[in-house]
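Values in this document were obtained by computation on a predicted structure and should not be read as measured data.
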Amino acid sequence: MNAGRPVRQIAHHLGISEQTLHVRRRQHLIDIGQLPGPTREDRVEPVTARRRIAELEAEPAAHRRATELMGKVVPPEDASRPSR
């Protein structure tokens, strides 16, 4: 459909820069195996892993803060009373 049309014309029609169009076309060629390089799928996994690691690293701090807040609201049980 766009064969033979200048990159400038296509980029203008899509409302993107020529550089963006070149980058997207290059990534497409990598994704379909015509050029070497990391595919989009190769890039998604590390990003997802970094987000999950950040979530897991934040959990202990959230738990500590919740414990601090609960300690201020709920008084500790009386140690002199026998447990049931």
In this structure, are over 12 heavy atoms from other groups packed under 6.0 Å from Glu45 atom CD? no

More than 12 non-hydrogen atoms from neighbouring residues, nucleotides or ligands closer than 6.0 Å to CD on Glu41, yes or no? no

Spatial distance of atom NE2 (His12) from atom CZ (Arg5) [nearest 0.5 Å]: 10.5 Å

Rounded to the nearest 0.5 Å, how far apart are CD of Glu55 and CZ of Arg51? 9.5 Å

CG of Leu21 to NE2 of His13, rounded to nearest 0.5 Å, is 11.5 Å

Identify the two heavy atoms, one from Arg24 and one from Arg40, that lie closest to each other, and give their separation to 0.1 Å. O-NH2, 4.3 Å

Intermediate values then yes/no, side-chain contact (heavy atoms from CB on, under 4.5 Å), Arg65 and Glu68: CA-CA 5 Å; Arg65 182 68 180 139; Glu68 289 172 11; 3.2 Å; yes

Can you check whether His28's main-chain N or O pairs, donor with acceptor, with Gln34's side chain at less than 3.5 Å? no

Let me confirm one number: the CG-CD distance from Leu35 to Gln27, rounded to the nearest 0.5 Å. 9.5 Å

Measure the NE2-CE distance between His63 and Met70 for me, rounded to the nearest 0.5 Å. 13.5 Å

Gap between atom OG1 of Thr20 and atom CD of Glu18 - 0.5 Å precision: 10.0 Å

Do Val23 and Ile16 belong together in a cluster built from hydrophobic side chains that touch within less than 4.5 Å? no

